[in-house]
Amino acid sequence: MFENLPLQRTDDGSYRLTDDGSFYVDETHKSTAERVEEMTGGTQSDNGALQEDSAASIDGSEDDEEFHDIDIDPVTRVAGSLAFHANVDLDDRTVREAHAQATLFRGYEVILEGRDPRDAIDLSSRACGVCGAVHSICSSMALEMALPVEPPPMGVWARNMGQAAAFLYDNSLHLHLLAGPDYSASMMADTNPDLLSTARDTAAPHASIHGYETIGDIMEGLNPLEGDLYLSALEKTRDARQMASLMLGKYPHPSTIAPGGVTTTLSRSSFTQYYTRLDDMFDWAKKIAFLWDDLMDFMLEHQPGFEHVGEHPINMIGTGVYDDPDVYNAKYEDADEWGNARLATPGVIINGELVTTDLTEIDIGMEEFVDHSYYEDWTDESVPFETSPGGDPLSPYHPWNKETRPKPEGTSWRDRYTWGTAPRWDRQTMECCPHARLWITALAEEVDNPFIRPTGDGIEFDLPEAELEEMTLRWDVPDRLNAAERLRGKAYALAHHALVCYTGFIEALELLKDGKDAVHNEFSIPNSGTHRGVGFWEAGRGFLTHHLTIEDGVIDNYQIVTPSTWNSSPTGPFGQSGPFEVGAKNTPILEDFESEEDFSAIDILRGVRSFDPCMPCTVHMYTPGGQDVITENVTMTTCGCSYDSDNKPAEVTLREMLADD
């Protein structure tokens, strides 16, 4: 544990600083490129080994005929723009360089400085137009720790049930409207026609459950705007958002979340309406798990090399989600206990091994770097907090010590190229997503729930009868981490979310029966002194923290670390690229093309999109001297909540629009 952090473990198992009592900081804190160039004139690979400097070919020299720059911009994010640059060897069919670039500074951390702490819940919600509730809840938990106040049991279950429903929306959206079209028949016909032909002749093993007779039928169902699966997902996302709104008042920016619980008016009718939609979600979860099993197994079997698309070392991090109201008290000193009582366990996995499930260890191991980001380093000033509330030493690069200093200068891949930062845990690159949530929960075996059973090598989900019979799904811990397993994990996560909703429904009815219908406890804002809090929660894509400092009644510092911050991070100060970048560099070029103009980079896109980088599917890709090769908007009303003027369902409206065309 903490092999790379400047902490030394003592005989009693505690940690201390370096011998002079200070935190170690790199001697000059130069970028990796600068340090390696001074020593060798070369660059450094992700595993620390030196490799030949490739800057000449990247910048376009005599190797232009062999190596090609591609730029995918925008890979549009709902919560900010994402661009992606890669340098590919089309002859060797490999990706030589890759860079993820967040192109928009939004500045919520700066906006929140000096404000009333209660503003943080509503303002931080706007950090994302899809999953705003996760920020509201995470912010409220940070405030609960700082104030302090804890919610009553019904308030906890309302948050859990609203969040689980929002995840049903979010994961369904990604699988079928954002990542799914990359595996559609319309896409395969252009990029992998032989594979599509094979798919049409290959029976789907679980057709009796999901209803698609062949793999080709699944691919047809994923066709943007007209495929049955694509359109069905639109309806399910709307149902899921209605469920979330029943618990949280409205969505995606609920105004009912507050420190101490929620302010929603909940009754037996609320839960009845919730369950009428949940019942359909049980069947949806069964179908989608088996459908994506069939599709991904086909890709792995019939597309040689697909196992390397988006491949990343098995390093993952998660903060866990879904609190137990009998254990959660919002106190930092008890965070390990209430974190391990969650229905999704927090934790860190390094090289496939679970190294901790304690929220306090996850917290103190975090650092955030800006060597290749459009920010200034902030460590030229005194460190605000040398220790955590629990007394453990904190790095100057810990979020509680971070200061957001925008500096949009030095645009180059060797210098600064993104508004994203580089979070690291124990100074190592981590990725997060629903698959990480399942992976950690499975290995930890901490969850005690009658419907969700981690086994150490997987998780079993007991889904009740709806139109389909009662069924046990089993997600197995994979032996590698790639695009296929990210998508498979997200499909099985639907069962997890649905069963959290089911558990909450049962528990909430018991609370109502006992007259324990309070959803909120009162709180007050201290008008003097320093108060710290951190919200540990998860977004649809995984890990989420909000670190808050209140000084004399107002917000002095506010720092948000999202899952996309981890996944899209640039190169860090110790040479490791971020997960998007590593996944792209490990991706082989598998598509069929005869010339550069025919090259679509679909394999790179499949790898990046498997992370669900908070994006709709409007993508423009160009190559130097070439032309736009992907310019189609394939999302339209991606929220699935829209009605037309006649109040028709989204599926009916879309079909009429297509008929008119």
Side-chain angles (χ1 to χ4, degrees), residues 78-79 118-144 149-173 236-278 281 321-323 325 328 330 342-344 497-509 511-512 517-521 523 535-541 544 546 639-641:
V78 177
R118 289 165 290 197
D119 291 347
I121 292 175
D122 288 330
L123 289 177
S124 67
S125 169
R126 271 64 185 177
C128 184
V130 173
C131 49
V134 302
H135 291 289
S136 295
I137 294 174
C138 196
S139 182
S140 71
M141 298 180 78
L143 286 164
E144 285 170 355
V149 61
E150 62 181 276
M154 186 67 86
V156 173
W157 278 117
R159 292 199 303 211
N160 288 343
M161 294 171 70
Q163 191 64 80
F167 286 169
L168 286 170
Y169 156 84
D170 191 271
N171 293 173
S172 297
L173 177 77
K236 295 304 178 185
T237 58
R238 180 172 55 200
D239 292 343
R241 278 206 162 176
Q242 290 172 345
M243 292 168 63
S245 296
L246 285 164
M247 293 295 106
L248 304 178
K250 67 184 181 70
Y251 203 90
H253 303 300
S255 56
T256 60
I257 296 172
V262 299
T263 60
T264 318
T265 300
L266 296 176
S267 64
R268 188 173 294 273
S269 175
S270 305
F271 293 105
T272 301
Q273 293 180 64
Y274 186 93
Y275 190 82
T276 59
R277 293 161 175 82
L278 175 60
M281 290 297 173
V321 68
Y322 307 135
D323 284 308
Y328 175 71
R342 288 178 158 177
L343 291 179
H497 307 321
L499 290 173
V500 171
C501 294
Y502 190 42
T503 302
F505 174 76
I506 295 170
E507 294 289 337
L509 291 185
L511 290 170
L512 285 176
D517 58 355
V519 295
H520 182 260
N521 286 325
F523 68 93
F536 298 110
W537 199 239
E538 292 212 2
R541 296 150 189 83
L544 181 66
H546 285 214
C639 71
C641 304

pair V262-R159: side-chain heavy atoms closer than 4.5 Å:
yes

Cation-pi between R241 and Y169: NZ/CZ under 6.0 Å from ring centre and within 45° of the ring axis?
yes

Rounded to the nearest 0.5 Å, what separates atom OG in S245 from atom CD in Q242?
7.5 Å

Separation between CD of Q163 and CD1 of I257, rounded to the nearest 0.5 Å:
8.0 Å

When you measure from the side chain of S270 to the backbone of S267, do you find a donor-acceptor pair of N or O atoms at a distance under 3.5 Å?
yes

What is the minimum heavy-atom distance between C138 and G535, and which atoms define it?
SG-O, 3.2 Å

Distance-minimising heavy-atom pair for P151 and V156
CG-CG2, 3.5 Å

With a 4.5 Å heavy-atom cut-off, do R118 and F523 have their side chains touching?
yes

Looking only at heavy atoms, the pair that brings A166 and A244 closest together is N-CB, 4.1 Å

So, H546 side chain and F536 main chain: donor-acceptor pair closer than 3.5 Å or not?
no

Taking side chain as C-beta onward, heavy atoms only, is F271 less than 4.5 Å from M247?
yes

Any idea which heavy atoms bring Y328 and E150 closest together, and the distance?
O-OE1, 3.6 Å

Which atom names give the shortest non-hydrogen contact between D170 and G540, and what distance separates them?
OD1-CA, 3.8 Å

I'd like to know if the side chain of K236 reaches the main chain of D239, judged simply by a donor and an acceptor atom lying under 3.5 Å from each other, with no hydrogens or angles considered.
no

How long is the straight-line distance from CD of E507 back to CG of N160, given to the nearest 0.5 Å?
10.5 Å

Quick one: CH2 on W157 to CG on L509, what's the gap to the nearest 0.5 Å?
12.0 Å

If you measure from CG on L343 to CG on L499, what distance do you get to the nearest 0.5 Å?
10.0 Å

Locate the shortest heavy-atom distance separating L278 from C501; write the atom from each residue and the value.
CD1-CB, 3.7 Å

Could you go through K250 and S255, starting from their C-alpha distance and side-chain angles, then the distance that decides it, and tell me whether this counts as side chain to side chain contact (heavy atoms under 4.5 Å, CB included)?
CA-CA 7 Å; K250 67 184 181 70; S255 56; 3.9 Å; yes

Sorted by chain and number, sequence neighbours left out, side-chain contact (heavy atoms from CB on, under 4.5 Å) with T256 holds for L248, P254, T263, T264

Supply the atom-to-atom distance Y251 OH to S125 OG, rounded to the nearest 0.5 angstrom.
8.5 Å

For a quick check under 3.5 Å, do S140 and E144 share a side-chain donor-acceptor pair by atom type?
no

Plane angle bin for Y322 and H497 - parallel if under 30°, tilted between 30 and 60°, otherwise perpendicular:
perpendicular

